[in-house]
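Inspection log for the structure reproduced underneath, given as structure tokens.
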Amino acid sequence: MLTNIETGSSTKSEVLVGELVTKKEVFGHFVGGIGQNLIFTLWSSYMMMFYTDVFGLSPVFVGGLFLFARIWDAINDPMMGIIADKTNTKWGRFRPWLLFTPISIGICLILNFTVPNLTGIAAMVYASITYVLMSMAFTAVDIPYWSLPAAMTTDPTKRTKIYAYARLGTSLASVAASILIIPLVRLYGGENLAKGFFGTAVTFAIIGGVLYLTSFSLVREHVAAESDKFEFKKALKAFSQNKPLLITMIASLITNSALLIKMNLQIYYVQYNLNNLDLMPTFAFAALPGIIIGTIIAPKLCQKFGKKYTLMGSNIFLLIVGIVFYFVGDSNINLILFLTGLQTLQMGCSMVVLSAMTADTIEYAEWKTGQRNEGLIMSTQTFITKIGIAITGAISAGILSAANYIPNGVQTQSTLSAFHLVVTILPGIIGIFACIPLIFYDLTEEKHEQIVKEIEDRKMNNITSL
């Protein structure tokens, strides 16, 4: 039985669940994404530079810390997904986490960008504890947030649109954050980066928390679990025997990693190849049109070509742009900005498609097990994102070391060439490998529609038998 959790009213058809989703609810989910990615962009994009250039930690240690945190996430993220699935409140399963976690996230973010009066091992211990705590706090809201669309509707078209708006919100937040971070750091601290990053973290923590709470007040859950009883064995089966999900996870890891390395090292490229760190906001602004266009066209491309081929096409597009970018060189700033925008078009498109593909596997798992596991399945998105951050963080640290990067010094030509390679052609080379697992992805739109219909028939038969 499908139930409107807020009113207690039930529906007779899953088709009606899609109709229940209002524009206000879609907007509420969109707003939550803005708050989330303001925080996430500051944390994920600037922690490496903060640790190496402000905190004074070695790149090797930072890479090791990122990797250790992601190993812990292998346990923590699925565990949080199960906790979210088992949550049972008057607000639903996932909405409450938007209400109760913003304070903890804000505190952890501020602690991450705090430089205590510590050195040596004590400084490394502080960084390790606060970084892992931030990762856990973010997981506690990120997994419920991305699980919400699956609890708002089972209609794949409407769900893809919800994810499209959400990804638009997160992308806009990423761009806005990238534009604002360096100016805010300068505003709060001038040349004192430690003071500047601390003030920026406090600002983002407050804004992000307010937007989380706004999202909670607007969003509603309409798809109730078929049974209030949660069975752990079925949850494991929903994951381990879910071939489409496993393929999506692999493709997602590769696709996300393609541009994460670029994002990690772009600040070095701007500072040393282009000799102007203050261009960072301009680069962020240049990325905005591509992200918006990619996010908007993703649902239309999925309807015409299917999610699988839309994702494959976007990665091929990224490689083509990267090849052109590589041969352009570092002299024409306007062309560099334009090509950067084309790269982010792929980012906007792929994020929507991957979220929708992951959500589709929820019904696939329910079809096999009879139990909806939105939280556990959508936790794979957070887990894959963090694994990507860890792997690319370690790779980025390795690139800095191999390229003989000198913090705050004069770089050699080989170092500059490495930065150029990373921001131009490397994302496309990595992204093209995501097409390989997608060859074996067979959860087509037609098959998913058939699965949803079979699930509905089962539920109607159960109602009739009662």
Side-chain angles (χ1 to χ4, degrees), residues 2 14 17 29 73-88 92-95 97 138-156 158-160 162-163 166-167 221-253 255-256 307-308 311 351-388 437-438 441-445 447-448 451-452 454-455:
L2 300 175
E14 291 203 8
V17 176
H29 196 259
D73 284 335
I75 301 173
N76 181 54
D77 284 11
M79 183 170 61
M80 183 60 221
I82 292 174
I83 292 173
D85 280 330
K86 295 178 70 175
T87 300
N88 185 14
R93 288 169 289 162
F94 309 117
R95 278 184 66 217
W97 298 95
F138 188 79
T139 295
V141 71
D142 189 55
I143 290 173
Y145 174 79
W146 290 113
S147 299
L148 267 170
M152 293 168 70
T153 178
T154 57
D155 185 324
K158 291 181 180 294
R159 195 158 59 193
T160 300
I162 295 173
Y163 279 120
R167 287 300 183 182
E221 296 182 28
H222 299 293
V223 184
E226 187 173 0
S227 171
D228 291 334
K229 183 180 179 181
F230 179 93
E231 296 185 32
F232 187 73
K233 289 184 177 180
K234 287 185 177 181
L236 290 180
K237 186 177 179 181
F239 177 80
S240 63
Q241 297 184 19
N242 197 329
K243 176 185 172 183
L245 175 62
L246 297 176
I247 292 175
T248 302
M249 289 173 63
I250 296 171
S252 180
L253 177 61
T255 301
N256 291 342
K307 300 180 185 71
K308 170 181 174 178
L311 183 59
M351 289 190 301
V352 173
V353 177
L354 286 166
S355 294
M357 288 175 68
T358 303
D360 284 350
T361 68
I362 292 172
E363 282 77 38
Y364 180 88
E366 184 180 12
W367 177 58
K368 278 185 166 292
T369 68
Q371 177 174 280
R372 287 186 72 84
N373 293 109
E374 296 102 322
L376 177 61
I377 290 176
M378 296 310 295
S379 73
T380 62
Q381 276 206 132
T382 301
F383 174 65
I384 288 299
T385 298
K386 291 180 179 178
I387 287 294
L438 289 172
Y441 182 86
D442 59 359
L443 184 57
T444 62
E445 280 69 19
K447 184 175 181 179
H448 180 266
I451 286 173
V452 171
E454 288 187 23
I455 293 172

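Treat the numbers as computed from the prediction; the structure is a model and nothing was measured.
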4.5 Å side-chain heavy-atom contact, [X] and [Y]:
X    : Y    : value
D85  : F94  : yes
T153 : H222 : no
M378 : T358 : yes
D360 : R159 : yes
M79  : I83  : yes

Minimum heavy-atom distance [X]-[Y], with the two atoms named:
X    : Y    : answer
A151 : R93  : CB-NH2, 4.2 Å
A84  : P144 : CB-CG, 4.4 Å
Y163 : A150 : OH-N, 4.3 Å

Rounded distance (nearest 0.5 Å) linking atom [atom1] of [X] with atom [atom2] of [Y]:
X    : Y    : atom1 : atom2 : value
I162 : L148 : CD1   : CG    : 9.5 Å
W97  : T87  : CH2   : OG1   : 5.0 Å
T361 : W367 : OG1   : CH2   : 13.0 Å
R167 : L354 : CZ    : CG    : 8.0 Å
I143 : S379 : CD1   : OG    : 4.5 Å
E363 : I451 : CD    : CD1   : 8.5 Å

Any donor-acceptor pair under 3.5 Å from [X] side chain to [Y] backbone:
X    : Y    : result
K307 : A356 : no
N256 : S252 : yes
E221 : R95  : yes

Run through L438, V352, T160, L245 and flag the one making a side chain to side chain contact (heavy atoms under 4.5 Å, CB included) with M357. L438
Step-by-step side-chain contact (heavy atoms from CB on, under 4.5 Å) determination, T380 to T248: CA-CA 10 Å; T380 62; T248 302; over 6 Å; no
Show your reasoning for whether side-chain contact (heavy atoms from CB on, under 4.5 Å) applies to T444 and K308. CA-CA 8 Å; T444 62; K308 170 181 174 178; over 6 Å; no
W146 and H29 aromatic ring geometry - parallel, tilted or perpendicular at 30°/60° bounds: perpendicular
